Amino acid sequence: MGENVSFWESLVTGHPVCPEWKQEAEGSIYHLASVLFVLGCMGGSGFFGLLYVYAFFALSFLCTCIWAWLDVCAADVFSWNFILLMICIAQIIHLAYQLRSVTFDKEFQDVYSAVFQPLGISLTVFRKIISYCNAEVVTLEREHCYAVQGKTPIDKLSMLVSGRIRVTVDGEFLHYIFPLQFLDSPEWDSLRPSEEGLFQVTLTAETKCRYITWRRKKLYLLFAKHRFISRLFSVLIRGDIADKLYALNEKVFVDSGFRFDIRLPNYYHMALPQPSNMATPTIRVQDFSTRRKAAKRP
């Protein structure tokens with residue numbers, strides 16, 4: 001214990017006190033290094049934030065090296081700052097390589113800029129969503145079907161990038177799907193991961209379309225590994241379903257006056273309980289364009 005006390009005493013109080021402080025200030029290079037270091041401490045997070053931090057730190061340590069070499073003439077001060085400078089340069093090269101490797105096709109970049117970036121999703125997370133699930137961009141020619149009612153299995157999730165998709169059931173028009181909307185969000189949400197099913201609607205391209213598609217099983221594997229991505233897609237898909245419900249419920253109704261969503265019948269049955277002896281209500285689709293034309297006639 002006495003040795004420890006003597007050690008701390010020699011470290012704190014035993015060190016000789018400066019007999020006289022220097023009156024002149026250090027050179028401008030030293031003060032520039034301090035300013036650059038302070039600016040580097042103000043960096044943010046993410047790739048660009050780290051690039052900002054390490055770039056200013058590298059400039060600060062470079063100025064300190066110059067100051068130690070020319071003014072102080074201290075080999076140890078120069079050596080330590082030179083080592084720190086090399087570490088910062090290595091980090092900048094590493095970050096620049098990672099940024100360069102995170103490049104996508106135009107369709108992926110458009111989707112990221114319009115959908116994922118406003119939600120604060122980084123490029124690295126988006127790269128996981130694209131690469132892990134082997135997402136691909138598919139072209140759908142005009143009047144070709146993405147899904148056929150009662151025949152096409154629900155085994156993927158797709159987002160429209162360009163063009164317009166027409167949704168019909170038994171030949172009756174329901175609504176359109178526009179760019180940056182999911183093609184099959186209601187079908188995706190209606191099934192559990194272990195369940196399988198078929199489309200209850202037909203999706204036909206009205207124009208030449210391009211869409212991004214993910215395989216259903218691989219997406220679920222990704223969700224199991226990254227809960228954040230699972231919650232992200234849950235929000236996106238349910239928001240997309242809400243948009244489709246709004247578009248669809250303006251046109252589809254039953255005789256009793258209740259709105260009916262043909263793509264999500266479970267919601268309808270929960271909202272409209274019926275006695276067992278009541279006949280099945282007739283589903284009708286309002287054709288607003290025909291009604292408007294009839295109203296204009298004298």
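Basis for what follows: all heavy atoms, side chains included, without hydrogens, waters or symmetry-related copies. Everything numeric in this text was worked out from a predicted model, so none of it was measured.
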Do [X] side-chain atoms and [Y] backbone N/O form a donor-acceptor pair below 3.5 Å?
X	Y	answer
Trp188	Ile154	no
Asp240	Phe182	yes
Ser60	Ala33	yes
Asn81	Val77	yes
Thr207	Arg164	yes

Would you say [X] and [Y] make side-chain contact, with heavy atoms under 4.5 Å?
X	Y	result
Val137	Val161	no
Leu232	Ile121	yes
Arg231	Val235	no
Tyr54	Leu95	yes
Met159	Gln181	no
Ser230	Tyr220	no
Gln109	Val111	no
Ser185	Lys244	yes

How long is the gap from [atom1] on [X] to [atom2] on [Y], to the nearest 0.5 Å?
X	Y	atom1	atom2	result
Leu51	His94	CG	NE2	10.5 Å
Asp189	Ile241	CG	CD1	4.0 Å
Cys63	Ile29	SG	CD1	7.0 Å
Tyr211	Lys156	OH	NZ	4.5 Å
Ser234	Ile229	OG	CD1	13.5 Å
Thr64	Leu85	OG1	CG	9.5 Å

Quiz item: Just wondering, more than 12 heavy atoms not from Phe82 lying within 6.0 Å of its CZ?
Solution: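 Open: at most 12 neighbouring heavy atoms sit under 6.0 Å from CZ of Phe82.
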Quiz item: Should the heavy atoms of other residues, nucleotides or ligands under 6.0 Å from OH of Tyr30 be counted, would the total exceed 12?
Solution: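 It does not: Tyr30 OH has 12 such atoms or fewer within range.
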Do [X] and [Y] sit in the same hydrophobic cluster, where Ile, Leu, Val, Met, Phe, Trp and Tyr count as joined when their side-chain heavy atoms come under 4.5 Å apart?
X	Y	result
Ile89	Leu50	no
Ile165	Leu198	no
Ile92	Leu84	no
Ile237	Phe126	yes
Phe223	Val115	yes

Shortest non-hydrogen separation from [X] to [Y] and the atoms involved:
X	Y	answer
Ala114	Leu180	CB-CD1, 3.5 Å
Pro179	Gly163	CD-O, 3.3 Å
Arg166	Phe173	CG-CD1, 3.6 Å
Asp71	Gly27	OD2-CA, 4.3 Å
Pro153	Phe199	O-CE1, 3.7 Å

Quiz prompt | Worked check of side chain to side chain contact (heavy atoms under 4.5 Å, CB included) between Val169 and Gln200 | solution = CA-CA 7 Å; Val169 57; Gln200 299 302 308; over 6 Å; no
Donor-acceptor pairs under 3.5 angstrom involving side-chain atoms of residues 139-149: please list them, not counting sequence neighbours.
from	atom 1	to	atom 2	distance (Å)
Thr139	OG1	Arg210	NH1	2.5
Arg142	NE	Glu206	O	3.2
Tyr146	OH	Ser158	OG	2.7
Tyr146	OH	Asp184	OD2	2.6
Gln149	OE1	Asp170	N	2.9
Gln149	NE2	Asp170	OD1	3.2

Practice problem: Give the intermediate values and the outcome of side chain to side chain contact (heavy atoms under 4.5 Å, CB included) for residues Met42 and Val38. | Solution: CA-CA 7 Å; Met42 297 179 181; Val38 171; 3.9 Å; yes
Quiz item: What's the verdict on side chain to side chain contact (heavy atoms under 4.5 Å, CB included) for Asp155 and Lys217, showing C-alpha distance, side-chain angles and the deciding distance?
Solution: CA-CA 8 Å; Asp155 59 356; Lys217 292 183 178 179; over 6 Å; no
Quiz prompt | Pair Tyr52 + Phe56: ring centers closer than 6.0 Å | solution =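 They qualify: ring centres under 6.0 Å apart.
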Quiz prompt | Ring centres under 6.0 angstrom apart (Phe61, Trp80) | solution =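 Not close enough - the centres of the two rings lie 6.0 Å or further apart.
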Quiz item: Using 30° and 60° as the class limits, which term best fits the ring planes of Trp69 and Phe78: parallel, tilted or perpendicular?
Solution: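 Because their plane-to-plane angle lies in the 30° to 60° range, the rings of Trp69 and Phe78 count as tilted.
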Quiz item: Would Trp67 and Val72 count as a side chain to side chain contact (heavy atoms under 4.5 Å, CB included) if you check the C-alpha gap in whole Å, the side-chain angles of each, and the deciding distance to 0.1 Å?
Solution: CA-CA 7 Å; Trp67 169 74; Val72 183; 3.1 Å; yes
